[in-house]
Number of protein chains: 2
Amino acid sequence: MASRSDAVANRDRIVETARAELSRSNGAIADLKLHAVAKAAGVGQGTLYRHFPTREHLLAEVYRHELTQLVEAVAPLLAEHPPLAALTAWLDRLVGYARVKRGVMAAIEASAWQDLYADQHHRLDEALGTLLERGQAAGEVREGVDAADVILLLGALSRIPEAEWDRRAITVVALVVDGLRPPAAG
Amino acid sequence: MASRSDAVANRDRIVETARAELSRSNGAIADLKLHAVAKAAGVGQGTLYRHFPTREHLLAEVYRHELTQLVEAVAPLLAEHPPLAALTAWLDRLVGYARVKRGVMAAIEASAWQDLYADQHHRLDEALGTLLERGQAAGEVREGVDAADVILLLGALSRIPEAEWDRRAITVVALVVDGLRPPAAG
DNA sequence: ACCTGAACACCGTTCAAGT
DNA sequence: ACCTGAACACCGTTCAAGT
């Protein structure tokens, strides 16, 4: 038992250290050195690697709370708004998160095309998928678009330079939302 | 003179080797090893580095022709079509290129936010910018969008998994084009 | 079972020595 | 001037040895 609680503590310490390291560098994903995380967390590299086989696994864990909150925000928004309005509200929330923690976008992107972190990502995919399906059923969203398409486009957010974030994030979201509307029948 | 022509030959050989290497790995940017390129090109690493200070510089050179063709395609399209139709045609062309050489998208993305390769990229930025401005003047494109916004969104193309390219590239382009239309005044 | 940390592999980058 | 290629730095990954 002692060893198991050690393992849990190590894991937590690693995640916490990574979070701290990321916020020091303002969430620049590529700047997270696994060597440095292991050292700062006071564990061997092997331990870090055992808990998180890839940097993405670690990132997914670091941003797990944020992602969960985003996923859980979908249902209430859908209950209160028409689908596309709910999507807009949800994206505003995402942009708000991402302004403070740019890494959230990287976590979303990273998890988007990997089956690894299936739990987290499938839930995001499902939540976004539900939004889109409701929108399609209501005729507010064009056919033939799925959550993966939207995640691909939202990846644009993670490549906006810091200094231009406020200006461009709004534009990107507006373009995506309006792009999702059914094309005019003309 | 002899040494200068050697330098030119070396440079060409490097670019040619990189192009070959990239097409072997189907344009997977990250798989391009500079060490390997130098070796295969028969030059020292220092020579490669002297000609191309970063991997992006090398990529920009490898895809220079393609980018030039894309840039030069804009004016004729604008002469023949209304702005948004011209943009659509241009994007179709881009997608056609990218299907064969996925690296073109990477080159566009890479050059998008760096001043380094100013010549190539500024021209792309300008060409796209002209398209958008014409569209805005004609009331076909919403205000407040610039070429950088569009390039950011088109980055989605470079992250489409090979197997899904045909399906998703069309969707992405359609979403971007329709997103660019002026929002309904309601 | 879990951990440590030296060691390996890889790759971008530099630079002293050559021509 | 330009080139070579050994060497360095960095970092992800592995693994023998420890507890």
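Throughout, a chain's letter reflects where its sequence line sits, starting with A, and its residues are numbered from 1.
- Contact between R159(A) and L152(B) at its shortest, heavy atoms only, is NH1-O, 3.3 Å.
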### Query
Where along nucleotides 6-19 of chain D does protein come under 4.0 Å, by heavy atom, of base (B) or sugar-phosphate alone (S), with - for untouched nucleotides?
BB---SBBBB----

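- The shortest non-hydrogen separation linking A156(B) to V172(B) is CB-CG1, 4.2 Å.
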### Task
Taking Watson-Crick and G-U wobble pairs with both distances under 3.5 Å, convert DNA chain D into its dot-bracket string, 5' to 3', dots for unpaired and | for cross-strand pairs.
||.|||||...|||||.||

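- Under a cut-off of 6.0 angstrom, the local environment of CZ in R55(A) is crowded, with over 12 non-hydrogen atoms contributed by other residues, nucleotides or ligands.
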Listed pairs under 3.5 Å, donor-acceptor, residues 69-88 of chain A side chains, sequence neighbours left out:
| from | atom 1 | to | atom 2 | distance (Å) |
| --- | --- | --- | --- | --- |
| Q69(A) | OE1 | Y97(A) | OH | 2.7 |
| T88(A) | OG1 | L84(A) | O | 2.8 |

Exercise answer: donor-acceptor pairs, residues 14-24 of chain A side-chain atoms, under 3.5 Å, sequence neighbours excluded:
| from | atom 1 | to | atom 2 | distance (Å) |
| --- | --- | --- | --- | --- |
| E16(A) | OE2 | R19(A) | NE | 3.3 |
| T17(A) | OG1 | R13(A) | O | 2.6 |
| R19(A) | NH1 | V62(A) | O | 2.7 |
| E21(A) | OE2 | R24(A) | NH2 | 3.0 |
| S23(A) | OG | A20(A) | O | 3.0 |

Which atom pairs, one a donor and one an acceptor, fall under 3.5 Å between side chains of residues 31-46 of chain A and the rest of the protein, sequence neighbours left out?
none

Identify each donor-acceptor pair in which a side-chain atom of residues 175-183 of chain A lies under 3.5 Å from a protein atom, sequence neighbours left out, and give them as a table.
| from | atom 1 | to | atom 2 | distance (Å) |
| --- | --- | --- | --- | --- |
| D178(A) | OD1 | R181(A) | NE | 2.8 |
| D178(A) | OD1 | R181(A) | NH2 | 2.9 |
| D178(A) | OD2 | R142(B) | NH2 | 2.3 |

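- Atom pair R11(B):CZ and dC3(D):P shows a separation of 11 Å (rounding to whole Å applied).
- When the side-chain nitrogen and oxygen atoms of N10(B) are compared with OP1 and OP2 of dC2(D), none of them lie within a distance under 4.0 Å.
- In this structure, Q136(A) and V145(A) approach most closely via the heavy-atom pair NE2-O, 3.2 Å.
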